[in-house]
Amino acid sequence: MVGAAAKRLFREENAAAAHAASRIRIERVSHGFDTPAGRLEVLEDVDLDVAPGEFVALLGPSGCGKSTLLRLVAGLEPASSGAIFQDGAPIIRPDPSRIVVFQDPTLFPWRTVRDNVALGLQAQGILKQEKSRVGAALRKVGLESFARAYPHQLSGGMAQRAALARALVNNPRLLILDEPLGKLDSLTRLEMQSELVSLWQKNGFSVLLVTHDVEEALFLARRVVIFSPRPARIVAEITVDRPYPRHRDDPVLTGLRHETLERLGLGKSW
Amino acid sequence: MRSSALAASNDLSQAQGGNSLPGFDRKLFSSSGKAAGAAEALAAVPPARARPASCAHWLGFAAASAWGILAAVTLAWPNKSAGFEDWPYTTEFGVAAGAGALLCALLAGAASAPIPPSARFPRRVAAAFRHGAPWLIVSALLLTLWEVLTAKTGALPPPFFAPPSSLIDVYTSDYARLADSTYNSVKLLLEGVAWGAAVGFTVGVSIGWSRTINYWVHPVLRFLGPLPPTALLPIAFFFFPSSHAASVFLIALATGFPVAILSWSGVASVNKAYYDVARTMGASEWFLVFRVAIPAALPQVFVGLFMGFGASFVVLIVAEMMGVKSGLGWYLTWAQGYASYVNMYGALIVMTIIFSSLISLLFAVRDRVLVWQKGIVKW
């Protein structure tokens, strides 16, 4: 039974969420690298919209270029051609409103968990005024009692939670997740998938998730975008119109899983 | 929230189960800080205490006997005539050894009685005595052998070899000159090392960070770096206004080269993903250098400092032997001029103590600065 106070809190959080999400527009983006062996095309004519507060999963064979697309959206690299917009403004450099969580936690080993989480605020020069956000972010991922631990003392799941807290402390309007659960053991992964859903629902940011786990994509995302092998093109989009929290044995999801695998050219492995 | 807290505690049990350093984890998470840590460190020595108690006492009394033997040999066995006055301080040395024997016997006796756990200091002394007993035995026996080979039998001929007892004479009769030399050496060394470390670190970080600086400075470093600074000694004494300035320069050069090379490689090998993380969070160039590159490179920088210290000792002593008119290196050549080999031994012992203390100090600083590495790297 949810109390009235909790209900109010939920409403407030949702109200805040509406402001806190970005619309992302990826317009005819192509990208490639110059290698000693010649030009390597990675992305081909990718067109994609992410509505504010939407959870979109990018699914495709490994090495197809999904992660490159995330780097372009983060602003870490400029696209070879095409353009990417955040709320109508072109993305030309990294910005704390779009935070990436990588497959490796990439915590700074010389900083405690607390100081790692404080990284973004410190880099933006607002740590003194906004100190309370660090503790709040640690509480969101259940790591408050490990604030003084060093990264090498954490398990894989805890380290990835700390990386999530380090992202959330910036109040991102877009969370970019590059296979964030890829290296976790399967039990921790299931647990963290549910946590991701609840974090997303509470904070209301938009999410772009790269994964090659079909079930993960269907369990988490409202829309699953399927890419071809390199150079990556969008071959299909699947809308997952199921309420949260979802159940893994939902027959609708099972059916979508079959369809998704078929789109990936893996229909026979079903 | 509840579920994630539960998950975190699951993860903790995983971390502790999988981690081979459970003691360390416990220590860090016990919130009461240093006192608790020290208590746990003491509690973590049971392997030593678990040894049968009689064994530890036996070692303690053996140490007492060894020092007793040294005292007896020194006092009862007359010195062989060395063709000059008798070696000084033989009696005092023997008495001191006897006092050592008595102290060992007392400690061994005290350590055999049970000490209440509340008596922290006595417990610590007893533990240190147990730990050090084998060394106490061996050092007494070596001193006895040394005394026998020199003063008692003359098997090692004077004046090139002197008995340990005669070292007392050096420190009592020539302490002013020795203290002055030590002071000058340490001052010169620290001056040179400070310059070398500061410049080497700055150069290393710059060539690790900036492609342009790397293009111009790296080849010079690669070309000139391997040249031993001692080879530049004659030129340096000629070019610099004073031998002091020349020595500072050469010591700085010796320290700076390894520090620069290792700072550079430290900065160059920083995980590129750290920069991506910091950049997406709005980090400036300044932040990337001082908050990402340098902290990540520090372990390497300390290796460079360690190597630089070693090189600086060489240059210091050679420079003092060649041209500087004070310091321990100068003292060595001065003592040699008077064929006063005992004084050389005395100076060498002082040098050993100074240099090993400096290295220990460096390691202590490193352990403090790189506390996050605990359990990752050992060197």
Side-chain angles (χ1 to χ4, degrees), chain A residues 71 74-76 93-112 116 119-126 139-146 148-159 161 163 166-167 169-170 172 176 185 187-188 191-192 194-195 198-199, chain B residues 1-31 33 270-288 290-299 369-377:
Chain A
R71 287 183 69 82
L76 287 167
R93 66 171 70 87
D95 188 273
S97 65
R98 308 181 303 270
I99 298 287
V100 192
V101 176
F102 296 97
Q103 183 176 18
D104 291 308
T106 55
L107 298 172
F108 292 1
W110 59 90
R111 286 176 172 238
T112 59
N116 263 294
L119 184 74
L121 301 180
Q122 196 188 17
Q124 294 153 46
I126 53 170
R139 268 192 300 282
K140 274 184 192 168
V141 298
L143 275 183
E144 57 269 51
S145 53
F146 292 89
R148 288 169 56 210
Y150 281 99
H152 74 88
Q153 296 169 297
L154 304 180
S155 68
M158 286 160 77
R161 268 199 196 92
R166 182 178 62 181
V169 80
N170 299 290
I176 301 171
D185 65 90
L187 291 179
T188 312
E191 217 170 75
M192 298 258 318
S194 306
E195 276 180 48
S198 75
L199 282 173
Chain B
M1 211 67 280
R2 195 194 187 90
S3 78
S4 65
L6 198 74
S9 71
N10 272 346
D11 277 347
L12 170 63
S13 58
Q14 265 177 32
Q16 288 191 335
N19 199 325
S20 56
L21 297 158
F24 179 57
D25 279 347
R26 249 191 302 135
K27 208 183 290 179
L28 202 126
F29 297 129
S30 73
S31 51
V270 173
N271 185 349
K272 298 289 173 283
Y274 292 163
Y275 297 132
D276 284 345
V277 166
R279 282 175 63 211
T280 58
M281 293 183 184
S284 60
E285 182 102 345
W286 182 92
F287 192 92
L288 294 181
F290 287 92
R291 298 263 186 236
V292 184
I294 289 178
L298 272 188
V369 174
L370 302 185
V371 65
W372 54 271
Q373 274 200 315
K374 219 163 191 173
I376 302 181
V377 184

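The sequence lines fix the lettering, A, B, ..., with proteins before strands; numbering per chain opens at 1. The model shown is predicted, which means the values in this text are computed figures rather than measured ones.
- Of the two parts of Asp95(A), only the backbone, made up of N, CA, C and O, holds a non-hydrogen atom closer than 4.5 Å to a non-hydrogen atom of chain B.
- Between Arg161(A) and Thr188(A), the side chains place no donor N or O within less than 3.5 Å of an acceptor N or O (distance only, hydrogens not considered).
- Gln122(A) meets the side chain to side chain contact (heavy atoms under 4.5 Å, CB included) test with Arg111(A), Leu127(A), Phe287(B), Arg291(B); sequence neighbours excluded.
- Contact annotation for Leu107(A): only backbone heavy atoms (N, CA, C, O) come within less than 4.5 Å of a heavy atom of chain B.
- For Val292(B), the parts lying under 4.5 angstrom from a heavy atom of chain A are both the backbone and the side chain.
- Between Ala293(B) and Val270(B), the closest heavy-atom pair is O-CG2, 3.9 Å.
- For Ser194(A), the side-chain hydrogen bond (donor to acceptor under 3.5 Å, both in side chains) criterion is met by no residue, not counting sequence neighbours.
- Both the backbone and the side chain of Arg166(A) come within contact range of chain B, each with at least one heavy atom under 4.5 Å from a heavy atom of that chain.
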